[in-house]
Every structure is written in C-alpha cells, then in structure tokens.
Student: 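Please see the structure below; I have some questions.
Please read all numbers here as calculations on a predicted model, not as lab measurements. Just so we're on the same page: letters track the sequence lines, and every chain starts at 1. Computation of the quantities below employed the complete heavy-atom set of this structure, encompassing side-chain atoms and omitting hydrogens, waters and symmetry-equivalent molecules.
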Number of protein chains: 2
Amino acid sequence: MRGPGERAGLTRSAVLGAAREVLAEAGLRGLTMRALARRLEVAPNALYSHVPDKDGLVDALLDEHLAPVTDPPTDSADPLAAVGAMMRSTYDRLLEAPDLVPLYFARRGARGEHARRLGATMDALFARAGVPAESIPGARGTLIVHALGSAAFATAGGDPAASRAAFTAGLGWLLTGIAAQR
Amino acid sequence: MRGPGERAGLTRSAVLGAAREVLAEAGLRGLTMRALARRLEVAPNALYSHVPDKDGLVDALLDEHLAPVTDPPTDSADPLAAVGAMMRSTYDRLLEAPDLVPLYFARRGARGEHARRLGATMDALFARAGVPAESIPGARGTLIVHALGSAAFATAGGDPAASRAAFTAGLGWLLTGIAAQR
DNA sequence: ACCTGAACACCGTTCAAGT
DNA sequence: ACCTGAACACCGTTCAAGT
C-alpha cells in the first residue's frame with residue numbers, strides 16, 4: 001500500500017516486534033517468514049535485508065526475550081539465593097511467551113548478548129558462593145535446564161500454581177545440592 | 001517400482017521404522033512426510049493409511065522410543081534408588097536419538113503406552129518411598145524435565161562425560177530433596 | 001542499501017478414483 | 001482397505017532487477 005518508489009522503511013527491531021506478535025497470535029506453526037512479511041506488508045524476501053534467515057530470526061527472538069531478566073548485584077549477601085531469584089524471574093519471563101519455550105530446546109539454548117550476560121552473572125555468584133570452578137558449568141547448566149524444562153511443561157497440563165510450586169521446590173533442592181558441593 | 005495392481009504392503013511399524021532411519025540420517029528438518037514416502041517408495045498420501053498425520057507419527061515415535069526403558073521391580077528395597085536408575089536409563093536412551101529430544105518439548109512430552117507405564121511405575125515407587133500423594137506429580141514432573149532437558153543440552157556443547165556427570169549430580173540432588181519431603 | 005517480481009525446490013494434507 | 005494422481009494452499013530462500 002505504498003506509492004511507487006516509496007520505501008517500506010523496515011527495521012530489524014520492527015521485524016522482531018512483528019515476529020513476537022505473529023508468535024503470540026498464531027503460535028509456533030503460524031510463525032513463518034511469509035506470514036511475518038504479510039503482517040509487515042512487504043514482500044517475503046524483504047525480511048532478508050534485516051535478518052540472516054529464519055534461524056537467525058528465532059535466535060534473536062530467544063535472546064531478546066531474556067532482556068527483561070535483570071541480574072542481581074554480584075556482591076549480594078547470599079549469592080546462591082540471588083541465583084535462585086534469577087532463575088525464578090527467568091521462569092516467569094519464559095511463561096510470558098509459552099510458544100517460544102520449545103524453541104530454546106530446538107535451538108539448543110540462547111547464545112546472544114543477554115544469555116551471555118545472565119550466564120556470566122550466575123558464574124560470578126557461584127564463585128562467590130564458594131562453588132569449585134570445575135563444578136560451575138554443570139551447576140549453571142542444570143539450573144538453566146530446570147527453568148527451561150519446567151516452563152516448557154508448565155503450560156502443558158493443568159494448574160499453573162502447582163507447576164510453579166514444583167519448579168520452586170526443584171530449584172531449592174538443586175541449590176541445596178550445589179551448596180553441599182562446596 | 002511395483003507392477004500394476006500390486007500392493008505396496010505398507011505397515012504402520014514399517015512407516016515408523018523408516019521414520020527413525022530418516023531422522024537418524026537427515027535430522028529433524030529432513031523428517032518430512034514426503035521424504036518418508038520417498039524412502040518407502042510410495043506416494044506421500046499413502047502414509048495417511050497408517051498414521052493420522054505428522055503429529056501422530058511424531059507422537060508414536062516419541063513414545064516408542066521409550067519402549068526399551070524397562071521398569072524396575074516396584075518392590076525394590078530402595079524405591080528412590082530405583083527411580084534414579086529409571087531416570088539414568090531414560091537419559092541414556094534419549095541420547096541414542098538426539099534429534100528426537102527437542103520433539104518431546106515441542107509435543108509437550110510423550111503420552112502413549114510406554115510413557116504411561118513408566119509414569120505409573122515412578123508413582124508406585126514414590127508412594128512406597130513414603131512421598132506424600134500430593135507431592136508425587138510434582139516430583140515425577142521435575143525428574144522427567146531434568147532427564148529430558150539434560151539430554152537436550154547434552155549434545156549441544158562439549159564433553160558428553162561432563163554432561164552425564166552434571167545430569168547424575170542433579171538427579172541425586174533432586175532425589176535427596178524429594179526424600180527430605182517425607 | 002533496501003525492496004520487489006518471479007522463480008525454485010520444497011512442504012502437509014485432502015479428494016476422487018482405482019483395485 | 002490400501003494405494004495413486006492430481007491438486008490446494010502453503011513454505012524458506014535466491015536471483016536479477018529497480019530505485
């Protein structure tokens with residue numbers, strides 16, 4: 001619906017924003033490059049000026065979704081409790097876009113800016129808690145898997161409150177185990 | 001390559017077997033109804049006589065993959081240790097078809113015969129261990145998420161032995177936590 | 001640099017028809 | 001009951017061309 005010679009004025013962040021809307025409205029199956037182009041009223045291949053391909057789009061979506069998860073001060077009095085708070089806020093954030101969650105597994109995690117930031121903060125907190133350096137990657141991975149997996153199955157069946165309670169209980173057990181490893 | 005009037009003689013289990021081969025050879029993206037039909041040398045729509053649709057095919061694949069996971073005797077001396085053994089053997093089985101693992105999340109778990117059998121065995125073991133009835137679904141869910149999630153990320157980066165060690169450690173912490181709940 | 005038209009090589013699924 | 005031919009309504013991505 002543009003005049004001749006008029007630019008669409010697409011933007012990478014406009015593309016990502018529209019992708020989030022398509023995902024929310026049409027779900028995982030509805031998130032296609034062509035549906036995204038239709039929503040933006042551009043030709044399908046116009047997207048490739050702003051995103052490398054569909055995997056690149058999804059990876060950006062996954063990482064950007066973690067942006068609102070803030071990291072606690074690394075000098076917190078109880079570092080392991082701070083890790084727990086991070087994981088609870090990650091879990092809550094994941095549930096805000098349930099259709100995105102399985103994609104973390106399909107893409108084997110997020111690897112962008114925010115994922116790195118959160119991972120580095122966790123590592124610093126583990127170190128300050130006295131977790132031996134060689135145990136840190138395993139501990140970090142286990143907690144991430146717990147949050148992602150719990151979020152993936154939370155929307156599956158039944159009661160959200162019960163799902164969150166199970167997540168919180170499991171998180172506590174894992175943190176206790178990690179603490180005991182010192 | 002059949003003569004006129006000659007039946008292909010397709011079978012549901014032949015379809016599933018070929019699907020496993022396609023998945024192993026061509027990966028998740030390569031597993032398409034049409035690629036499966038090509039391998040079986042039938043028309044694509046011939047598959048729909050043996051499988052309801054692609055989701056039904058995947059669901060069958062997911063559940064059948066758990067068939068070799070045997071359940072321990074429910075009168076085992078240490079019921080929680082028996083649950084631990086079940087989860088370790090599930091984890092190992094999952095790693096035999098890494099491409100299948102993300103599909104458990106996309107399909108939100110397996111819900112067929114074998115998934116039900118393993119779930120019922122876990123519940124019986126938890127009950128025998130003295131876990132309160134209202135805690136059993138959460139405990140079961142948490143352990144399943146841990147096994148599936150650990151398997152999903154095991155093939156992602158690096159050392160399989162380290163991944164398995166992290167899985168085993170996490171499993172122990174979760175079982176300790178579940179035991180403490182009694 | 002950014003966008004379009006057109007095309008390529010695919011998908012899952014349905015329908016009518018044949019045996 | 002089982003299978004095929006043909007079609008429908010899509011995909012992701014590339015390429016050449018226009019501004």
Student: According to the Watson-Crick and G-U wobble definitions, with both distances under 3.5 Å, which nucleotide is paired to C/dG18?
Tutor: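 D/dC2 is the nucleotide pairing with C/dG18.
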Student: Please tell me which of the listed nucleotides, C/dT14, D/dG12, C/dC11, lies nearest to the side chain of B/Ala35?
Tutor: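 Looking only at side-chain atoms, B/Ala35 lies closest to C/dC11.
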Student: Between B/Arg38 and C/dC11, is there a side-chain N or O to OP1/OP2 distance below 4.0 Å?
Tutor: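 True: B/Arg38 side-chain N/O within range (under 4.0 Å) of C/dC11 OP1/OP2.
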Student: Which nucleotide sits closest to the side chain of A/Ala46: C/dC3, C/dA7, C/dT14?
Tutor: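 When the side chain of A/Ala46 is considered, C/dC3 is the closest of C/dC3, C/dA7, C/dT14.
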Student: Taking atom C1' of D/dT13 as reference, at what distance in whole Å does atom CG of A/Asp53 sit?
Tutor: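 In whole Å, D/dT13 C1' and A/Asp53 CG are 9 Å from each other.
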Student: Find the distance B/Leu47:CG to D/dA1:C1' and express it as a whole number of Å.
Tutor: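 My rounded result for the distance is 16 Å.
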Student: Can you check the A/Met33 CE to C/dC11 P distance for me, whole Å?
Tutor: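 Spelled out: CE on A/Met33 to P on C/dC11 is 19 Å.
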Student: B/Thr32 near the nucleic acid: base, sugar-phosphate alone, or nothing, with a heavy-atom cut-off under 4.0 Å?
Tutor: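 The answer is sugar-phosphate, as B/Thr32 gets under 4.0 Å only of primed atoms, P, OP1 or OP2.
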Student: On DNA chain D, compare the nucleotides closest to A/Gly30 and A/Pro52; which residue's is nearer the 5' end?
Tutor: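 That would be A/Gly30.
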Student: What orientation do B/Tyr91 and B/Phe167 show, parallel under 30°, tilted 30 to 60°, or perpendicular over 60°?
Tutor: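 Geometry flag for B/Phe167 against B/Tyr91: parallel rings.
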Student: Just to confirm, is there a sub-4.0 Å distance from OP1 or OP2 of C/dC3 to any side-chain nitrogen or oxygen of A/His50?
Tutor: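 True: A/His50 side-chain N/O within range (under 4.0 Å) of C/dC3 OP1/OP2.
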Student: Using atom P in both nucleotides, what's the gap between D/dA9 and C/dA9 to the nearest angstrom?
Tutor: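 So the two P atoms sit 23 Å from each other.
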Student: Would you indicate which nucleotide in C/dC3, D/dG12, C/dT14 comes nearest to any side-chain atom of B/Tyr48?
Tutor: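 Closest nucleotide to the B/Tyr48 side chain: C/dT14.
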Student: Regarding B/Arg29, tell me which of base, sugar-phosphate or nothing describes its non-hydrogen contacts under 4.0 Å with the strands shown.
Tutor: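 The residue B/Arg29 makes no contact with any strand.
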